[in-house]
Amino acid sequence: MKIQCLSRLADSFRASRSLDASFDIPWEPCPAGMNGDLTVNCFRLAKALKSAPDALAAETAELLMKDPDVVSAEKIKAFVNITLKPAALFRDSVSDVKSLLADVPFPEGSRRKILIEFSAPNTNKPQHLGHVRNNCIGMTLASVMARAGHTVVPVNLINDRGIHICKSMLAYKLTGNGVTPEQAGIKGDHYVGNYYVKFNQMLSDEVRELKAAHPELADKSSDDLFLETELGRQAQEMLRKWEAGDPEVRALWTTMNKWVIDGFNETYRRMGVHFDKTYLESQTYLLGKDVIADALAKGIFGKRADGAVTVDLGKLGEKVLLRKDGTSVYITQDIGTTILKHEEHHPDTMVWVVGDEQNLHFRMLFTILGRLGYAWADSLYHLSYGMVNLPSGRMKSREGTVVDADDLFDEMHSLAKAAAMERVKEGEEPPADLEARSETIGMGALKFMLLKFNPKTTIMFDPQASLKFEGDTGPYVQYVCARINSIVRKCNDAGIAFDPASVDWSLADSPEEKALAVAALRYADAIRSSADKMDCSILVNYLLDLAKLFNRFYREKQVLNAGDPAVRTMRLALCFAVRDILADGLAALTIGIPDAM
RNA sequence: GCUCCGGUAGCUCAGCUGGAUAGAGCAUCUGCCUUCUAAGCAGAGGGUCGUGGGUUCGAGUCCCGCCCGGAGCACCA
């Protein structure tokens, strides 16, 4: 949507200074306490026009004053505060929400095909709060980018092989007695995770015995002594057999991985996570070796004296790409998988949602792909996000302080349910949709809380403080929608007809009403900026802003009880517009809306 | 030691490519439910923006030094 008076202003500047067609007037909402609807910051404008800010502000104010849409244009220093006629402001904003929402995506020329990888769990334990943040950032970014007009391909890469997988397999083989998760009544990923914990317990027991028998090993760590233990050797042997395709090991692996992945799928379903494609490391871990061998032959990489293939990455250091025995390392797999993903999808860019502890890894990966001659290496992006800490510090699985994803979802659900029950009055029945409503609110609160922060910040999760439904939260925004839904219900019950064609926006002259129209104008930018900067907290904060402005309006102005039917119609239209924008934004964040709260 | 990220109100965090009096939520205190849902609204207190310099009309924002915290610096993933 264009603000017509600013378009005319831009035309005028274009004509007087022969600027090209892309020139636009940057505007911002007029700050609280100032008199006006919009503000043009002429310090900023001055840079684009290479003029003196003060004179430019005077010129801007003068031009705007003559505009038919403008009530007043007040110059203060180099700022011009503009007050618009309500009819003009609303005409340019929410009078046509459908087209306001339709105009959200980027123009066709700047739409891209984006492959985004996130989640990437290991199949040896259930997901925890860290994964929840990753999933939220990944799926929401995918969704917001799609809303911004891009073609998005969300993919997962499940780490389903390796020594850590063998650990839970071995513990199960030794102590599981063939019991299935179903028989045990435990969700598959938790069930397998229990055996991973069990393995570590058994291993530390064995290490303790080993140290007792050999005091000279006292200062060695559990990892150092891994292959000195019977369990460690057996796990190693199991990995060797897995790689050799041993039928018995493969059968157990297939069975246990299915348990875990079934469990993950339940967790994903509850979060609303969806992937277009799931890669399995067991099918991709050998990729990359050929590429390295080719590059070695071409002299792009070198061979060290001991036979390992390495590359010197300058400031980033030297990196081994193939061990001296010819086996691949982590980055080798990633090189191969990245090339595979590119060949399969031909995206314009690829994004990895991975924790900031892997910053160096990705810098190396991208540099190596560039050395290999892939022109698209420049388009790769590591969306690095910060860890989630607890008040007690880092989550540590060894100390049992990890916050389990499924438990957390249950807790959010029951907190939301308790909050809903609190507002059921004596003698009243609880709402029929109590469970569904609690889920929508609980999960909404959780996602919103995790998305409120800029991805790269390390965040603190304090269950006492974080699991709230008041203040800057998802339910705050949901509540506005519920309030509007309630007005709509009452409107229908009372048989009040609403004709969108007969809205008279000139009646919307209060600051509360106009502020909503101004905020609505910023929606497209909130979506686009979130997509561009790959930071959904921009959208989250925008929705909070809009919701806040609505609550202020709601307190000050009556809708159904407005005396004048014309005013009522206008305010109803405004409510619908706000709800449509909030619903669109929450949907982009993969957050649902309850009918009532 | 080297590299990267962070240090803004008691706490958790916003502050766009430098711009009008540094913002929000929580917590504390004060008002507001016989008017469309109080998961709400209004108001109060609370800040030498880690620190010392510099750049300029103007610095929380840019540059340099220092202090503090985190992560990384594997032939682990």
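Here the structure is a predicted model, which means the values were calculated and not measured. Chain identifiers are assigned alphabetically (A, B, ...) following the order of the sequence lines, protein sequences preceding nucleic acid strands; residue numbering begins at 1 within each chain.
For A/Ser384, the side chain to side chain donor-acceptor pair (under 3.5 Å) partners are A/Asn359, not counting sequence neighbours. Partners of A/Glu512 by salt bridge (Lys or Arg N to Asp or Glu O under 4.0 Å), not counting sequence neighbours: none found. For A/Ser282, the side chain to side chain donor-acceptor pair (under 3.5 Å) test picks out A/Asp160, with sequence neighbours left out. Checked against ring-ring contact (aromatic ring centres under 6.0 Å, His included), A/Tyr330 has the following partners two or more places apart in sequence or in another chain: A/His361.
Using a 4.0 Å cut-off between charged nitrogen and carboxylate oxygen, A/Glu237 and A/Arg240 count as a salt-bridge pair. A/Asp595 and A/Arg437 are not joined by a salt bridge, as no carboxylate oxygen comes within less than 4.0 angstrom of a charged side-chain nitrogen.
In this pair, A/Phe362 and A/Trp352 present their aromatic rings tilted. The plane angle is within the 30 to 60° band.
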| note | Nucleotide by nucleotide, nucleotides 21-26 of chain B touches protein heavy atoms under 4.0 Å in the pattern (B base, S sugar-phosphate only, - none) B--SSS

| query | Taking protein heavy atoms under 4.0 Å as touching, what does nucleotides 28-33 of chain B look like 5' to 3' if B marks base contact, S marks sugar-phosphate-only contact and - marks none? | reply | ----B-

| task | Return one dot-bracket line describing RNA chain B 5' to 3' (Watson-Crick or G-U wobble pairs, both distances under 3.5 Å; ( ) same strand, [ ] crossing, | another strand, . none). | result | (((((((..((((.....[...)))).(((((.......))))).....(((((..]....))))))))))))....

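Here the C1' atom of nucleotide B/rG43 and the CD atom of A/Glu556 are 13 Å apart, to the nearest Å. Distance, A/Met364 CE to B/rA74 C1': 10 Å, rounded to whole Å. Between the CD1 atom of A/Ile335 and the C1' atom of B/rA77 there is a distance of 15 Å, rounded to whole Å. To the nearest angstrom, C1' of B/rC16 lies 9 Å from CG of A/Asp525. Here the P atom of nucleotide B/rU12 and the CG atom of A/Asn454 are 16 Å apart, to the nearest Å.
Using a 4.0 Å cut-off on heavy atoms, the residues of residues 480-488 of chain A that approach RNA chain B are A/Ala482, A/Arg483, A/Ser486, A/Ile487, listed by number. Scanning residues 528-545 of chain A for heavy-atom distances under 4.0 Å to RNA chain B yields A/Lys533.
Between the side chain of A/Thr458 and the base of B/rA71, no donor-acceptor pair of N or O atoms lies under 3.5 Å. Checked by distance alone, A/Asp334 brings no side-chain donor or acceptor within 3.5 Å of a matching partner on the base of B/rA77.
Looking at heavy-atom distances under 4.0 Å, A/Arg568 makes no contact with the nucleic acid at all. When heavy atoms are screened at a 4.0 angstrom cut-off, A/Tyr476 is found touching the sugar-phosphate backbone but no base atom. Contact annotation for A/Gln558: base contact, defined as any heavy-atom pair under 4.0 Å involving a base atom. Residue-level contact check: A/Ala596 touches the bases, meaning some heavy atom is under 4.0 Å from a base atom.
When the shell of 6.0 Å around CG of A/Asn35 is examined, it contains 12 or fewer heavy atoms from other residues, nucleotides or ligands. Crowding of A/Glu428 atom CD: a count of heavy atoms from other residues, nucleotides or ligands under 6.0 Å exceeding 12. Heavy atoms from other residues, nucleotides or ligands lying under 6.0 Å from NZ of A/Lys417 number 12 at most. In this structure, A/Arg522 places its CZ atom where more than 12 heavy-atom neighbours from other residues, nucleotides or ligands lie under 6.0 Å away.
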| For A/Asn81 and A/Glu74, what are the C-alpha separation, side-chain angles and deciding distance, and is it a side chain to side chain donor-acceptor pair (under 3.5 Å)? | CA-CA 5 Å; A/Asn81 296 329; A/Glu74 190 183 355; 5.2 Å; no

| ring pair (Phe, Tyr, Trp, His ring centres under 6.0 Å) between A/Phe498 and A/Phe576: does it pass, once the steps are laid out? | CA-CA 11 Å; A/Phe498 170 70; A/Phe576 291 149; 5.0 Å; yes

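Comparing the same atom, C1', in B/rG47 and in B/rA24 gives a spacing of 14 Å after rounding to whole Å. With both ends at atom P, the span from B/rC66 to B/rA22 equals 31 Å, rounded to whole Å. A distance of about 16 Å separates the P atoms of B/rC62 and B/rU8, rounded to the whole Å. Between B/rC49 and B/rU61, the two P atoms lie 10 Å apart (nearest whole Å). Comparing the C1' positions of B/rU51 and B/rG69 gives a spacing of 15 Å, expressed to the nearest Å. Rounded to the nearest Å, the gap between the C1' atom of B/rG18 and that of B/rC57 is 12 Å. Remark: the separation of the C1' atoms in B/rG25 and B/rC41 is 15 Å, to the nearest Å. Between B/rG65 and B/rU28, the distance separating the two C1' atoms is 40 Å to the nearest Å.
Out of B/rG72, B/rA39, B/rC13, the shortest distance to the side chain of A/Met460 is found at B/rC13. Side-chain proximity of A/Gln358 to B/rA77, B/rA71, B/rA39: nearest is B/rA77.
Not one N or O on the side chain of A/Gln333 forms a donor-acceptor pair closer than 3.5 Å with the backbone of A/Thr284. At distances below 3.5 Å, at least one donor-acceptor pair connects side-chain atoms of A/Ser168 with backbone N or O atoms of A/Ile165. Side-chain N or O atoms of A/Tyr542 include none that pairs as donor or acceptor with a backbone N or O of A/Asp525 at under 3.5 Å. The main-chain N or O of A/Phe226 is found under 3.5 Å from a side-chain atom of A/Thr229 such that the two form a donor-acceptor pair. A donor-acceptor contact shorter than 3.5 Å links the side chain of A/Asn134 to the backbone of A/Ser119.
Remark: ring of A/Phe79 stacked against base of B/rA20; centroid gap under 5.5 Å, plane tilt under 30°.
A cation-pi arrangement is absent between A/Arg133 and A/Tyr385, since the terminal nitrogen or guanidinium carbon is not both under 6.0 Å from the aromatic centre and inside a 45° cone about the axis.
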I'd like a table of atom pairs between the protein and nucleotides 55-63 of chain B - only N or O on both sides, under 3.5 Å - with the distance next to each one.
none

Taking N or O atoms only and anything under 3.5 Å, show me the protein contacts with nucleotides 3-8 of chain B, one pair per line.
unit_1	atom_1	unit_2	atom_2	d
B/rG6	OP1	A/Lys456	NZ	3.1

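The side-chain heavy atoms of A/Pro594 and A/Asp433, taken from C-beta on, include no pair separated by under 4.5 Å. Proximity of A/Tyr279 to A/Leu340: side-chain heavy atoms (C-beta onward) are separated by under 4.5 Å at one or more points. The shortest distance between side-chain heavy atoms of A/Val192 and A/Thr123 does not fall below 4.5 Å.
A close approach under 4.0 Å does occur between a side-chain nitrogen or oxygen of A/Arg44 and OP1 or OP2 of B/rG19.
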Please report, to 0.1 Å, the donor-acceptor pairs under 3.5 Å made by any side chain of residues 464-472 of chain A, with sequence neighbours excluded.
unit_1	atom_1	unit_2	atom_2	d
A/Ser466	OG	A/Asp462	N	3.1
A/Ser466	OG	A/Asp462	O	3.0
A/Asp472	OD1	A/Lys548	NZ	3.4

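Nearest-nucleotide positions on RNA chain B for A/Asn81 and A/Ala419 put A/Asn81 closer to the 5' end. Looking at which nucleotide of RNA chain B each of A/Leu360 and A/Lys324 is closest to, the 5′-most match is held by A/Leu360.
In this entry the base of B/rC68 is anti relative to its sugar, with a glycosidic angle more than 90° from 0.
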